[in-house]
Protein chains: 2
Amino acid sequence: MDIDAIKAKNPEHWMKAAAIRALTLDAVAAAKSGHSGMPMGMADVATVLFGNHLKFDAANPTWPDRDRFILSAGHGSMLIYSLLYLVGDAEITLEEVKNFRQLGARTAGHPENTHATAIETTTGPLGQGISNSVGFAMAEEIQRARFGAKIVDHYTYVMAGDGCLMEGVSHEAIGIAGRHKLSKLIVFWDNNDITIDGKVSLSDRSDQVGRFKAAGWDVQEIDGHDAAAIDAAITAAKKTDTPSMIACKTHIALGHAAQDTSKGHGALTDAAQMAAAKAVYGWTTGPFEVPADVKAQWEAIGARGADTRRAWEERFEAQSQTKQVEFNRQLAGEAPKKLSATIKALKKQISEAAPSVATRKSSEMVLEVVNPLMPETVGGSADLTGSNNTLTKDMGVFDVENRGGRYVYYGIREHGMAAAMNGMALHGGVRPYGGTFMCFTDYARPAMRLAALMQVPTVFVMTHDSIGLGEDGPTHQPVEHLAISRATPNTYVFRPADTVETAEAWEIALTTTTTPSVLALSRQNLPTVRTTHKNTNMVAQGAYVLAEAEGKRQAILMATGSEVSIALAARDILQAEGIGTRVVSMPCWELFEAQDEAVRKRVLPAGPVRVAIEAGVQFGWDKWLSGERGKANKSAFVGMQGFGASAPAEELYEHFGITAEAAAQKVRDLIAGK
Amino acid sequence: MDIDAIKAKNPEHWMKAAAIRALTLDAVAAAKSGHSGMPMGMADVATVLFGNHLKFDAANPTWPDRDRFILSAGHGSMLIYSLLYLVGDAEITLEEVKNFRQLGARTAGHPENTHATAIETTTGPLGQGISNSVGFAMAEEIQRARFGAKIVDHYTYVMAGDGCLMEGVSHEAIGIAGRHKLSKLIVFWDNNDITIDGKVSLSDRSDQVGRFKAAGWDVQEIDGHDAAAIDAAITAAKKTDTPSMIACKTHIALGHAAQDTSKGHGALTDAAQMAAAKAVYGWTTGPFEVPADVKAQWEAIGARGADTRRAWEERFEAQSQTKQVEFNRQLAGEAPKKLSATIKALKKQISEAAPSVATRKSSEMVLEVVNPLMPETVGGSADLTGSNNTLTKDMGVFDVENRGGRYVYYGIREHGMAAAMNGMALHGGVRPYGGTFMCFTDYARPAMRLAALMQVPTVFVMTHDSIGLGEDGPTHQPVEHLAISRATPNTYVFRPADTVETAEAWEIALTTTTTPSVLALSRQNLPTVRTTHKNTNMVAQGAYVLAEAEGKRQAILMATGSEVSIALAARDILQAEGIGTRVVSMPCWELFEAQDEAVRKRVLPAGPVRVAIEAGVQFGWDKWLSGERGKANKSAFVGMQGFGASAPAEELYEHFGITAEAAAQKVRDLIAGK
């Protein structure tokens with residue numbers, strides 16, 4: 001391609017884009033690792049987007065009505081770091097750019113939202129950014145419906161590569177976006193024909209344009225190095241009433257010897273080739289040096305939105321005090337003051353009435369009182385609304401004609417739902433929760449991990465949490481999924497035993513701001529075990545003494561969720577035999593681990609034999625059995641040894657030996673030293 | 001719709017299809033659970049497919065050249081159970097149909113391949129069957145290229161619903177199938193406009209026809225209740241040179257009061273409504289009773305393929321003895337006799353040369369000697385070929401023009417790859433392995449679980465298995481993924497320490513027939529730790545003494561993979577201080593767990609303090625620390641406490657304190673009783 005001709009056509013644009021390319025080359029060379037080609041290929045699109053369209057004020061990266069920029073192709077992180085440094089972001093300084101990929105730098109290998117305010121989401125695992133963006137765009141619609149277009153009116157822009165578009169989650173995401181006509185979502189496809197293994201055609205020959213059209217998107221195809229074409233396409237995309245995809249034909253590693261090759265995808269560090277590329281660009285300054293005039297032009301772009309921001313602030317301050325306070329509360333993720341009292345009142349009522357209900361139904365009972373109080377909640381389900389019990393009467397259904405609806409029918413798209421929820425949480429102003437079967441944690445898993453890494457309080461409502469779901473069989477019966485979620489850092493895994501614990505779990509899930517929650521809920525009815533009302537949120541301690549031993553304490557039974565009532569029944573058997581037995585409910589291991597040793601010791605003292613009961617695999621339980629003052633030869637587990645089976649739930653509990661009598665027998669054996 | 005008119009048009013067809021509908025209603029009613037609507041909606045398509053096209057012989061469900069029938073919409077399991085009973089399958093008897101969804105029955109809630117020979121794959125988690133089918137079709141192409149069309153020449157038929165098509169994995173699957181022009185793959189879309197939450201349009205308005213066309217498929221649209229149209233569409237689909245999708249407009253729960261509603265998706269058990277539906281069908285026999293003439297027609301269908309099968313057997317027996325033996329060996333999943341000697345020779349050579357290489361490279365070294373020996377291996381990678389080291393020189397690349405190629409460029413489709421590999425393994429005759437980064441176990445997870453449940457020996461080559469991958473940062477650094485895989489039943493998780501252990505792990509992975517394997521391999525170079533050659537496969541023991549304590553045994557260091565050499569270095573430090581230290585390498589927990597207690601006790605005796613070293617989370621390790629004759633206050637863990645970070649690998653190991661000195665200090669502290 002004729003770079004000189006492009007340069008000549010628009011020299012100012014060219015040098016601004018060249019700044020991105022040069023900084024990328026320098027940073028990758030200094031780090032001796034990274035991905036050079038993507039930022040070099042998409043520099044023109046980024047320059048036009050930031051220069052002419054993106055509504056932002058570099059000095060105020062938290063301005064709520066800013067447009068969102070999402071780099072779904074996260075390996076091209078030097079694109080976003082270059083942009084942020086160039087526009088004058090306070091956090092991504094030149095020093096940070098020089099420390100690309102070094103310990104403690106904000107400029108991690110892939111963009112991390114916790115590292116800099118202006119990084120909207122963490123990307124790198126492909127397909128996540130584009131799927132988050134659907135949640136960003138939905139949150140914008142919902143907020144706009146609630147607060148009006150004077151306060152909320154912004155676009156979500158995404159850059160995605162072939163990797164993002166091949167990932168299955170992209171299919172789910174674009175399906176949701178198309179269905180809901182998320183017209184303020186604009187995706188740039190970096191159509192460079194290259195993946196790591198070689199030409200895209202090695203592995204994919206699908207028609208992306210046709211595919212997006214089939215999903216109800218508007219599509220334009222442009223030369224991704226033609227500034228005027230890019231500008232016109234963005235202008236047109238902003239006006240459509242559907243989401244837009246702009247297919248940008250680009251050259252990966254433009255101007256470098258590795259241009260248009262898979263080598264260009266990775267780290268281009270050869271000094272001579274770098275010099276040659278810079279010569280092609282007309283870039284004459286030294287490493288990490290941006291000519292003052294170019295930097296000034298970029299800083300002007302960074303300041304371009306300041307007036308718009310100030311005008312927004314004036315409009316915001318003209319709103320009623322109530323509206324301002326509410327907007328800010330929702331944005332900060334602060335629960336309303338009434339929440340605590342509401343949860344306490346529900347707990348009291350339940351402890352007194354002591355109903356026998358499935359905890360998925362308990363969850364609905366909690367949501368029925370919480371949702372009217374918290375207009376920021378946005379619920380949904382991956383096509384299991386009636387099973388997950390996630391829809392409450394007051395919510396309204398989110399739809400093209402009802403943007404204020406707070407319930408999303410996500411369809412059979414667990415992964416897309418989870419990623420969209422993360423996007424909503426990152427956008428702010430809404431608090432997402434969504435349901436599927438616990439076993440399908442598997443499908444949502446990549447997004448659930450990112451929720452933990454990104455420190456967002458997404459709530460995953462996972463019902464049918466064991467063999468207790470019965471006849472649907474082992475394909476639908478989680479056995480290892482509690483372990484999977486518990487093994488994940490920064491994740492609260494709640495498995496409440498009854499409605500009271502469910503209410504307490506929801507209270508924590510709805511007040512935390514930096515940790516996602518997994519609510520593992522039963523399909524089958526469970527008795528109320530917390531029949532004495534306590535104001536204290538006991539789930540917040542993670543584990544606690546639910547029933548104390550009478551007489552000498554010889555045994556401790558530990559259980560979660562649907563097995564807590566089995567533990568209580570086992571205790572009855574043992575106490576009748578004169579074996580003093582304590583029952584410890586352990587609804588949230590992570591919160592228990594966070595307690596002082598003194599608290600943990602009070603709950604799990606040394607001495608008594610220990611039996612844990614959980615309708616899942618033992619994996620992870622040894623920590624509480626032989627660890628934590630326990631002893632290997634004085635502890636045992638009652639639970640699953642492998643996959644489940646298809647049969648009525650009660651029969652399965654018998655079949656797999658998860659019964660009060662089996663637990664009692666383990667205790668007898670341990671006491672007898674067998 | 002006018003059912004009488006349809007009936008009148010083709011009464012014999014109608015009654016055959018009605019048999020499926022009636023059996024479905026009866027079985028679901030008896031079980032009081034299940035999914036009636038799908039089998040009732042797709043009964044016509046199934047009847048035409050089995051009646052006129054599907055090449056099978058009910059008496060010989062293992063006939064290798066049979067067409068494959070895959071019910072991707074697995075909740076409609078009564079469709080397959082009805083069909084198998086009707087055609088005279090020996091395993092799915094009437095008694096089994098009556099025991100639908102009961103404990104011990106072959107007729108589980110969702111079809112399970114381990115429950116009946118004629119069930120080709122386990123379905124239920126949506127999108128899996130259609131994705132498996134891609135692997136079935138690839139295996140057929142590869143086998144055909146190898147053995148000729150006289151021996152291998154069959155179709156793969158799939159029934160998929162809206163759920164399957166909304167799931168992201170379907171996008172990956174149809175992309176692979178389209179790219180590779182898998183023309184013998186034919187998918188029926190049960191286009192009934194209904195999901196559990198309501199009309200499909202609630203959550204999806206995409207154009208499935210346009211979407212499949214965009215992926216390079218041939219598409220036909222038909223009335224799914226018109227037998228002639230179904231027949232003509234299948235005939236046409238068999239002739240295309242691309243995969244085919246037949247969009248079948250159907251009515252869920254046809255003829256029942258719940259027809260065309262989401263209620264019709266579930267269990268229809270109302271007696272009066274059932275009676276009414278049967279009256280509409282003209283079905284007058286009692287529950288589970290099929291009129292003799294209808295049963296005879298179905299049994300004739302079951303026997304229809306017998307001649308074709310006999311002709312195939314004659315052709316097969318006309319092949320050379322060598323070819324027959326080799327075909328049967330590959331189909332049985334038996335490793336060639338030479339494998340063991342080849343692995344031993346490699347081990348010996350490596351123990352002597354003691355190279356320092358990354359275990360991902362070790363894996364390649366193993367594959368270089370194994371692949372020429374095992375023509376049944378089919379390798380691949382989700383666009384990380386050069387990083388996963390999965391391609392060896394002799395394989396050839398699978399492509400439209402090279403069906404004998406044994407390497408698949410799957411593209412950025414970890415989930416689709418995993419599901420396709422499962423399909424290959426289920427088809428038989430090929431042994432699939434495929435690579436991605438260990439962290440992206442997350443993406444492949446639903447299919448990895450099914451590999452375990454289905455008992456197929458798929459091999460997942462997961463490289464870059466810790467913070468040792470360095471600069472790519474926490475989005476790419478697995479910390480909980482070893483725990484995730486280990487928590488999954490029936491899965492071998494291998495984390496070899498060097499090339500010798502890698503060879504031993506591969507030997508097990510390539511000889512097992514009922515367990516999938518996860519190979520967790522390092523990005524970074526590791527020294528050879530097995531420098532004394534042993535013929536015995538030590539990895540098969542799961543854990544073993546790599547270095548014995550000199551003097552009094554005061555400490556045991558346990559480690560896996562890249563941390564084994566750190567354990568050895570820690571031992572050097574401790575031995576120099578006079579602290580006798582044993583190092584135990586634990587490459588496969590599952591195989592160690594399977595050992596007799598006597599073996600385990602020899603490796604992990606009571607007494608010495610224990611420190612485990614692994615660059616992952618502690619979750620699961622307590623089993624070996626405080627469990628298994630250990631003590632909580634005499635054991636400690638050196639590893640990760642949370643997510644990783646972006647920096648060079650060596651710095652990360654220092655930063656997170658995973659060092660020989662840190663391990664040695666833990667030992668000193670434990671011995672001192674700190």
Side-chain angles (χ1 to χ4, degrees), chain A residues 33 101-103 108-110 124-126 163 166-169 171-172 175 179 195-197 202-207 210-211 214-216 383 385 409 411-413 415 442-443 445-446 449 453 471-475 480 483-484 487-489 617 619-620 622-623 626-627 632 642-643 646-647 651, chain B residues 33 101-103 108-110 124-126 163 166-169 171-172 175 178-179 195-197 202-207 210-211 214-215 383 385 409 411-413 415 442-443 445-446 449 453 471-475 480 483-484 487-489 617 619-620 622-623 626-627 632 642-643 646-647 651:
Chain A
S33 84
R101 294 183 153 235
Q102 303 309 304
L103 195 61
H110 294 81
L126 294 172
M166 276 197 234
E167 288 288 358
V169 69
H171 169 63
E172 303 183 19
R179 163 62 185 81
T195 74
I196 291 174
D197 274 354
L202 259 185
S203 57
D204 190 48
R205 291 186 183 165
S206 63
D207 165 17
R211 171 200 177 200
D383 199 45
T385 295
Y409 287 111
I412 300 101
R413 302 179 176 113
H415 195 179
D442 285 350
Y443 282 83
R445 167 81 203 147
R449 179 180 210 249
L453 180 61
E471 292 90 342
D472 272 347
T475 55
E480 71 274 41
I484 287 173
T488 307
V617 295
F619 201 88
D622 297 275
K623 169 164 186 151
S626 53
F643 293 112
S646 171
E651 290 180 35
Chain B
S33 85
R101 293 183 153 232
Q102 303 310 303
L103 195 61
H110 293 83
L126 295 172
M166 277 197 234
E167 287 288 358
V169 68
H171 169 63
E172 304 183 20
R179 165 61 185 82
T195 75
I196 291 174
D197 274 355
L202 259 186
S203 58
D204 191 48
R205 292 186 183 164
S206 62
D207 165 17
R211 171 198 176 201
D383 199 44
T385 296
Y409 286 112
I412 300 101
R413 301 179 177 113
H415 195 179
D442 285 351
Y443 281 82
R445 167 80 204 148
R449 179 180 209 250
L453 181 59
E471 292 90 342
D472 272 346
T475 53
E480 71 274 41
I484 288 173
T488 307
V617 295
F619 201 88
D622 296 276
K623 169 162 187 154
S626 53
F643 293 113
S646 171
E651 291 180 35

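Computation of the quantities below employed the complete heavy-atom set of this structure, encompassing side-chain atoms and omitting hydrogens, waters and symmetry-equivalent molecules.
Nearest approach of A:R179 to B:D204, heavy atoms of both residues: CD-N, 3.9 Å. Contact detail for A:D197 and B:D383: the closest heavy-atom pair is N-OD1, 2.8 Å. Nearest heavy atom pair, residue A:A632 against residue B:G627, reads CB-CA, 3.8 Å. When all heavy atoms are compared, the tightest approach of A:A487 to B:E480 is O-CB, 3.3 Å. Heavy-atom minimum distance, B:G109 versus A:S646: N-OG, 2.9 Å. The shortest heavy-atom contact between B:Y443 and A:L126 is OH-O, 2.7 Å.
Under the salt bridge (charged side-chain N to carboxylate O under 4.0 Å, His left out) criterion, A:R101 pairs with B:D472, not counting sequence neighbours.
Between the CZ atom in B:R445 and the CZ atom in A:R449 there is a gap of 14.5 Å [rounded to 0.5 Å]. Atoms CZ and CD1, from A:F619 and B:I484 in turn, are 10.0 Å apart once rounded to the nearest 0.5 Å. Taking CG of A:D207 as the start and CZ of B:R211 as the end, the distance is 13.5 Å to the nearest 0.5 Å. Considering NZ of B:K623 and CG of A:D622, their distance stands at 6.5 Å, rounded to 0.5 Å. From B:H110, atom NE2 reaches atom OG1 of A:T475 across 5.0 Å, with rounding to the nearest 0.5 Å. Here B:T488 contributes atom OG1 and A:D442 contributes atom CG; the two are 7.5 Å apart, rounded to the nearest 0.5 Å.
Interface remark: of the candidates B:G168, B:G411, B:G642, B:G168 forms the most heavy-atom pairs closer than 4.5 Å to chain A. Among A:G175, A:G216, A:G210, A:G620, the residue making the largest number of heavy-atom pairs under 4.5 Å with chain B is A:G620. The choice from B:P446, B:S206, B:A647 that makes the most heavy-atom pairs within less than 4.5 Å of chain A is B:P446. Taking chain B as the reference chain and counting heavy-atom pairs below 4.5 Å, the highest number among A:G163, A:A215, A:P489 is found for A:P489. In terms of heavy-atom pairs under 4.5 angstrom with chain B, the leader among A:Q102, A:E471, A:E651 is A:E471. Interface remark: of the candidates A:P125, A:S33, A:G473, A:P125 forms the most heavy-atom pairs closer than 4.5 Å to chain B.
Of the residues A:R413, A:E172, A:H415, the one that meets the side chain to side chain contact (heavy atoms under 4.5 Å, CB included) test with B:E167 is A:E172.
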